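Letters go in sequence order (proteins before strands), and every chain restarts at 1. Because the structure is a prediction, the values reported are computed rather than measured.
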Amino acid sequence: MNKRWEVRLIGTGGQGIVTVSIILANASVKEGNNVVQSQNYGPEVRGGYSTAYVIASNKSILYPKIDSPNVMMVMSDTSYKKYLPELAEDGMLIMNGHTEETLPDKVYFVPITDIAHDKVKRPITANIVSLGVIVGITGMVSEKTALEAMEAAVPSRALEINKKAFALGLEAGKAALENK
Amino acid sequence: MNKRWEVRLIGTGGQGIVTVSIILANASVKEGNNVVQSQNYGPEVRGGYSTAYVIASNKSILYPKIDSPNVMMVMSDTSYKKYLPELAEDGMLIMNGHTEETLPDKVYFVPITDIAHDKVKRPITANIVSLGVIVGITGMVSEKTALEAMEAAVPSRALEINKKAFALGLEAGKAALENK
Amino acid sequence: MGEVKLLQGNEACVFGALAAGVRFFAGYPITPSTEIANIFARELPKIGGKFMQMEDEIASIGAVIGASCTGMKAITATSGPGFSLMQENIGFAAEAEIPCVIINVMRFGPSTGLPTHPSQADFMQSRWGTHGDHPVIVIAPYTAREAYRETGRAVNFSEKYRVPVIILMDEILGHLRERVEFKEEDIVKEVNRKGPEAGVPFFPYEHTDDWIPPFANFGSGYRCHITGLIHDRTGFPTNNPEIVDQVMRRMNGKIDKHIDEICRISTVDVEDAEIVIVAFGSVARSAAEVVRIMRSMGKKIGLIRPVTLWPFPDREIKKAAEGKKAIIVPEMNLGQMVREVIRTIEGETPVHPLNRIDGELITPRDIIDFIEEME
Amino acid sequence: MGEVKLLQGNEACVFGALAAGVRFFAGYPITPSTEIANIFARELPKIGGKFMQMEDEIASIGAVIGASCTGMKAITATSGPGFSLMQENIGFAAEAEIPCVIINVMRFGPSTGLPTHPSQADFMQSRWGTHGDHPVIVIAPYTAREAYRETGRAVNFSEKYRVPVIILMDEILGHLRERVEFKEEDIVKEVNRKGPEAGVPFFPYEHTDDWIPPFANFGSGYRCHITGLIHDRTGFPTNNPEIVDQVMRRMNGKIDKHIDEICRISTVDVEDAEIVIVAFGSVARSAAEVVRIMRSMGKKIGLIRPVTLWPFPDREIKKAAEGKKAIIVPEMNLGQMVREVIRTIEGETPVHPLNRIDGELITPRDIIDFIEEME
Amino acid sequence: MAKKTFMVEVNRKTCKACGICIAFCPVSVFTTDHDDKAVVDKPERCTGCRQCELLCPDYCIRVEENSNG
Amino acid sequence: MAKKTFMVEVNRKTCKACGICIAFCPVSVFTTDHDDKAVVDKPERCTGCRQCELLCPDYCIRVEENSNG
Amino acid sequence: MGAIHEKYLRMDKLPHIWCPGCGNGIIMSSFIRAIEKLGYEKDEVAAVSGIGCSGRITGYMDFNTLHTTHGRALVFATGIKMANPGLKVFVFMGDGDAAAIGGNHLIHSCRRNIDITAIIFNNHIYGMTGGQFSPTTFRNKYATTAPYGTTDPDFDLVNLCIGAGASYVARSTSYHAKMLTDLFVAGALHKGFAVIEVITHCPVNFGRRNEFDTPADMLRWQKDHAVRTAKADMVPMEEMEGKFVIGELIKKEKPEYVEEYDRLIETVRKGDAHRE
Amino acid sequence: MGAIHEKYLRMDKLPHIWCPGCGNGIIMSSFIRAIEKLGYEKDEVAAVSGIGCSGRITGYMDFNTLHTTHGRALVFATGIKMANPGLKVFVFMGDGDAAAIGGNHLIHSCRRNIDITAIIFNNHIYGMTGGQFSPTTFRNKYATTAPYGTTDPDFDLVNLCIGAGASYVARSTSYHAKMLTDLFVAGALHKGFAVIEVITHCPVNFGRRNEFDTPADMLRWQKDHAVRTAKADMVPMEEMEGKFVIGELIKKEKPEYVEEYDRLIETVRKGDAHRE
Ligand SMILES: Cc1ncc(C[n+]2csc(CCOP(=O)(O)OP(=O)(O)O)c2C)c(N)n1
Ligand SMILES: Cc1ncc(C[n+]2csc(CCOP(=O)(O)OP(=O)(O)O)c2C)c(N)n1
Ligand code: SF4
Ligand code: SF4
Ligand code: SF4
Ligand code: SF4
Ligand code: SF4
Ligand code: SF4
Ligand SMILES: [Mg+2]
Ligand SMILES: [Mg+2]
């Protein structure tokens, strides 16, 4: 990796995006990068917005916050326009859902929840689907390390279903990238 | 009054010398003086030594401690010699008890406890006897104000007996002074 | 007025508080402050006030704050160990801006220490004892008369500025009985907290011109919300950084804004002094004696006595120190106020600590010896 | 060693403590320190250690001190409100000289404040929170790796110097996960308290050469008496002024005596710097970024980062400040450490506070803007 | 007298999809939408027991008797 | 067999004159001196019940059976 | 949203922060229904809470509200009641709040018998801090600080309060919402300190870790394990094992604290007080 | 001074600071007799106390002694016992210590059932601070903070502890010195937390204010008002009014805290622990 990744994941409490951020962070560590992961905490977050952050870089990371992310994923909102201004120049914005609009280059719509619902048949796996999507679109970590990190993070009884979710997400992510 | 009085009263816990010091202080206030009163506190004092202090002066009193008292009264010890060095030049040392020794000028022996025991017939009034003795010997406050201050300090049911104690103490004090 | 009395320091606090309108005391006994509780227990019911002995100091300060929410002026008294326990709720009072007064009669610490011996080692704690940035006023009387007057002032400040005010005494003053003659200037005038203004929309944490929001007593018809969470002017929680910044700066800044009224220092012969002693509480009694003695010997000594300890009178100390040969800071601790003096003076004058840490009052002799040795 | 991990600041403390031999944790959950309790609960039974959830923070620190009396290394973790409640017993540990470690993951205060937002406003409290003069060591790591290592150092100091040691982190570091690669220098070597020496008469509070008395664990056959009252070298209460003076000076002085070992500061490019930033904890991460950025712009900026906060590294700061154009002290509070810097520097260099008090981390941008404006 | 009938309303905006009303309606008036929020499915069954109203932790449900059954 | 007899001793130095032994000795072995401290007055009455020993808060009393009555 | 919510809640503060399905919302509803029944003016009600999910309740109700420090609600409330006995004072506490850090204030309030109604939201867990066990968590349950199941025994809060001298103690559950309202009313009308323990459910931090798949499952558990006082005596001992009784568990006369003190004031002012 | 005093007391620390006639001295005697009976080594005994006149006891006894902060003795003791279960841990508290500031630790210790023996010196007053009323002072008694007589109700400590789940609770008095020894022995042998309340007398700060002329009068009061458990059931209710029962008041089996935790450790180390 020869790049600094600043990733921001936005969702609602309970969607598991913190888990996704930790998996991403662990995968990136496995690939030899310096990584910091953090999240907004708060009782207010219960049911409200929840945000998680990952920074990965081959240089040392001190200041742990993200000002302009180059990867953003938004789980519970479809009005992508309000997120664009916060995105870095070279950024990628991943939205959960469908749209008919013509989109700016950096914006990707992927029906993450629907995939979890309809294809994995387990709505709860939407976060792991989103992990696949991020890896598929950004390539910030390899499929292999992402999968390993995911496996280490989920309870063994839920492993198979999550593998499926990851694979479907990855596929959808790659497809979205190719469709650009 | 044209003098600075520094009074130290030494006894054991429960003997009521703090009460005596407060009465003395109140009497001196009544006579228009600046007065501070204090005592050593401490759990250790329970049953052990207890000391009370009064400073009275027509000047303002800031530093509230006594270095060399000009009046000392010792209730529970008869070896007067160990107290002499602490006494001021012009000091008076009042000891509770009898002695056959020839005494330095400044030392007075008065059988305070015995007066309370044998004459007042109430050992508990020894402290008020001692008040009388101090007033009788030192004259640091007038009999009248001392009596008034005493009356204000004791419970009314015990007033008569304490008046008697005071009178007997006063008498004994005056006698001791005259015998010098 | 003109009344003359033999009054104990602890006792004087009680009467000062009552004169300022205090009608509620909740406390837990502790040496050397117990007389305060004892006397409140005796006096309050006489005037329809209420005394409570709580299960501990945490409960005591809690009940005091609760009573204050209804508009009743409330106070507690304690010493080191209890003062430490009260810290969390003192922070609550600061954050929620509920008037209350805490008397800490300092004893020798740390921990149980020497319960009946004096100390000044809670100087720093009285400012920094609770977590988080918070406003506080700390006042240190040095005579029984001042204990009366300053406790009254403390109650008034707490009401006026909606802030916990701490009276910091030491065991010596707490237990000392002395003749007090009350003069005109000792009369404690009652000050009451500002209430909502009729006809104006009411916000319980409004950023008003004087930075002091009006207070609506419980039961007075405003139904406010009071919380120890950071809140906006409506009183409800917020974590919006901009608002948080504003409210924190107002809440902490309101004291500095009124520093001229709050700060009180007393000086003796400072003007022409070569050497200035900075001392508070009982130690200032010895120091004043030193000035008297040494002036009579022709030595140019002066005394600055901060009566308000916190906010620390930076300006006054700095000014008084200008051009002096030396500043001496005697304290019954290992050197606490001296740190503030050094900070304030910024190297302009040499500052010398003089500390006793043996449970005894610093004597005039101690100070004189120190000065003579120094010279 | 050479191990690479994604480690949360809170988690790192736990593993550092375990490496230093901690086998007992007693605590009461509080945001943002809860992970520490959670992880101890999971890890301790695996190695035969013991985890207790107590009824409150007072009980937690009490149980920790009790466990330590038997020789078991013990720790607790909390945040502001709990830290305030622990103050009385921290003073007990200081006075009775019982080793123990308290982790305070600072959240925004005062009172309940903003429980999930960072702050550095317990800087002063960590030194002065309890009543009475007392010794204490306070350490502030700034990365997960350092949290590991410094918690180990804290445990060792507490054992070696018989003193409560406080780890002061902020919410950001507590919750931050980051890659840690453990190196040789991160190995935590276990240090054990000194015990009684065979053949020599044993006094549990002996004034030894190094000022650290030996400790006889409960049950080891010495039957000492431990009290929070001021005591002589035998451990029994005394109020003899001479002895009180001696023991207070030894107990408080033992830390200063070993200040060289205890104090640790870390510097970046200070030597030739014109402007020096003094910062600790997470803010120092931003400050280090500023040095990197501004040096690349050719500006001579340096950073002093006190790792040991208390005793405050007076000497080092004073020395580093010599001849500089300005000192900047950014803090997530209203200006606490800056007071110490000013005190230390005594006017030699202008000192500028930079404070954020909105619940957010000071950013590199904040500092750069400040510097640019200043110039 | 005609059998009483009731109007049952769920505020979709405030519903947190907890499933309580669905589980405790004795006559299964509710079903869920794809977000698991409660939806009034068979209002005609409603007996007006108000269990749903009482137990909804977010006060999203209103049950009102229809004025003419 | 001869009736048992006992030696009763009071340590005057440590006695705090509380009066407990005096009040609770069932056979009034003790009396007081002018400082109100306990004094063994009628040791021959002692039955060896040890009530005094048990209740003295300052451990000033020793009761011992005389080896030959 | 019914008229009652609109009347008593601070509508602009809703939705509340509680998780989907949390019992706290149900209890709040039951409580305002009780106020309606009692006919109290909103201005004369003081609601005091501690820190915890439950503690947030005071932010939503349109009374004189005080959100204090963790565990200390009762002492603040005590000050309020002493200072202004005209106020109707209600205290809301979590199980950690009331029985862990605040346990001492709870028992002392029982002892004093001050006219306050205390409502304990016993969800058997520390909700706000993310699921640590509490002093009321049953043995062998899972919690973030009990990853292997708790070994700590639990308090029976009703017994605790009765042992401390309480004059009114009742218990019910978040499932029994109507009964809750009745008990709140009864507690408020009781002259003296009244404790109402509400067994409630925390689906997120207790349920998920302890094999309750949904909030509804937890309510069902309550329904199945609660036995009404009237019935409790008739249920054979063995069958009560693992169950708990709901209803009024003690109700007795005891002098009320503030009244007693007011009587003292009167005596002292009349000069009738005997002084030691 | 008997051999037993010489064996167990720190002779160079005597005379103790307690006032003439104070019950504390009697209790200390009874206690060391219990240790003698139990046959414990002095090295294996840990004695922990709080602050108060009673708290000074640890200074006089030749064990591992810890004189802690006011009200906190139990939590220090809990740490000791957890860390070194081999120690026999005894805790000494005053009534203020145990039931005012320390009330929470008392009830939680009862709940946990940790193997500690707690001895409460209940003299119904704050002795050390000069005679303020305590949570156990009876109504209408005089104290420095109750110059007109108390209006506060009092705790029954036995009920309180039982309500908190204690597995062993006993009560006696400083007059019943022999019985005290027996109860201390029984408490120590009980596996779990044992509370022994000792009704004792403070002649100086309680007695003098409440019409007891001498220490002996106070002991007589104890003698006259204590009814032994065996007899208590036979005494008619009316006659029990104002009296109190002495003896063992509850004794039941309950898992001991440290043992339970040790069992957990074993399970976890074997890898048998079920993890959530
Ligand atoms: C002094 C203090 N200690 C700890 C905390 C952290 N804390 C906040 S809420 C809470 C416990 C919550 O549990 P409970 O009281 O049962 O309320 P719930 O959230 O379950 O309603 C704790 C430990 C605190 N705020 N203050
Ligand atoms: C935190 C704290 N609060 C208050 C005190 C003061 N204090 C010392 S002992 C005591 C109470 C003594 O009463 P009790 O516990 O009944 O013991 P006794 O002296 O009667 O044996 C108090 C309030 C203290 N030392 N620490
Ligand atoms: S009122 Fe009763 S029947 Fe009607 S929808 Fe609600 S729960 Fe079902
Ligand atoms: S109970 Fe309320 S919040 Fe829950 S699903 Fe039904 S309507 Fe929605
Ligand atoms: S042993 Fe019994 S009879 Fe003998 S002196 Fe003592 S109390 Fe009296
Ligand atoms: S009981 Fe002991 S202290 Fe009291 S009078 Fe008798 S011998 Fe003296
Ligand atoms: S954590 Fe539990 S108690 Fe708290 S709001 Fe969520 S469900 Fe309710
Ligand atoms: S004050 Fe009371 S309890 Fe304390 S030593 Fe004296 S008599 Fe005993
Ligand atoms: Mg709870
Ligand atoms: Mg007592």
Side-chain angles (χ1 to χ4, degrees), chain D residues 23-26 41-74 76 87-93 95-96 98 100 130 216-229 231 234-237, chain H residues 10 12-13 17 41-49 51 55-56 58-87 89 101-102 104-105 107-109 111-112 114 257-258 261-262 264-269 271 273 275:
Chain D
R23 290 298 176 270
F24 185 82
F25 176 96
R42 189 187 69 208
E43 296 301 320
L44 277 168
K46 292 186 191 166
I47 52 174
K50 290 180 183 173
F51 169 89
M52 279 195 87
Q53 192 172 294
M54 298 300 290
E55 53 272 30
D56 63 14
E57 289 87 352
I58 300 174
S60 301
I61 177 80
V64 160
I65 299 170
S68 183
C69 286
T70 73
M72 203 178 231
K73 294 182 189 171
T76 186
Q87 291 303 330
E88 190 199 7
N89 278 344
I90 292 177
F92 179 87
E95 168 61 30
I98 317 274
C100 61
T130 195
N217 298 333
F218 270 25
S220 68
Y222 286 86
R223 302 197 304 276
C224 305
H225 183 56
I226 300 180
T227 176
L229 287 163
H231 43 265
T234 67
F236 290 90
Chain H
R10 290 166 172 152
D12 58 328
K13 302 300 166 208
I17 61 159
E41 294 295 324
K42 293 197 282 182
D43 282 340
E44 65 177 342
V45 174
V48 185
S49 64
I51 299 293
R56 288 305 189 95
T58 45
Y60 304 119
M61 302 192 302
D62 190 18
F63 305 122
N64 301 283
T65 55
L66 180 62
H67 180 224
T68 68
T69 44
H70 187 42
R72 316 301 175 188
L74 280 170
V75 302
F76 287 78
T78 297
I80 291 174
K81 186 71 191 178
M82 273 296 263
N84 186 348
L87 291 169
V89 183
I101 192 167
N104 206 25
H105 311 307
I107 59 176
H108 281 272
S109 300
R111 172 175 68 76
R112 287 196 189 97
I114 188 163
Y257 193 79
V258 183
Y261 198 89
D262 282 344
L264 176 79
I265 292 178
E266 228 172 282
T267 324
V268 172
R269 298 187 99 172
R275 263 282 293 292

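Taking each heavy atom of H:R269 and D:P45 in turn, the nearest pair found is CG-O, 3.5 Å. Of all heavy-atom pairs between D:M54 and H:R112, the closest is CA-NH2, 3.6 Å.
Centroid-to-centroid, the aromatic rings of D:F51 and H:Y261 stay 6.0 Å apart or farther.
Side chain of D:K50 to main chain of H:M82: a donor-acceptor pair is present (N/O by atom type, distance under 3.5 Å, no hydrogens or angles). Here the side chain of H:N64 pairs a donor or acceptor atom with the backbone of D:G219 at under 3.5 angstrom. Judged by distance alone, with hydrogens and angles left aside, the side-chain atoms of H:T65 form a donor-acceptor pair with the main-chain N or O of D:C224 at under 3.5 Å.
Proximity to chain D (any heavy atom under 4.5 Å) is restricted, for H:V258, to the side chain, taken from C-beta onward. There is no contact between D:A26 and chain H, counting heavy-atom distances below 4.5 Å. Looking at D:F218, both its backbone and its side chain come within 4.5 Å of chain H, counting heavy atoms on both sides. For chain H, the nearby part of D:C69 is the side chain; its heavy atoms alone come within less than 4.5 Å.
Between H:F76 and D:F92, the angle of the ring planes goes over 60°, which puts this pair in the perpendicular group of the 30/60° scheme.
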Residues H:E41, D:R223; criterion salt bridge (Lys or Arg N to Asp or Glu O under 4.0 Å); working and verdict: CA-CA 11 Å; H:E41 294 295 324; D:R223 302 197 304 276; over 6 Å; no
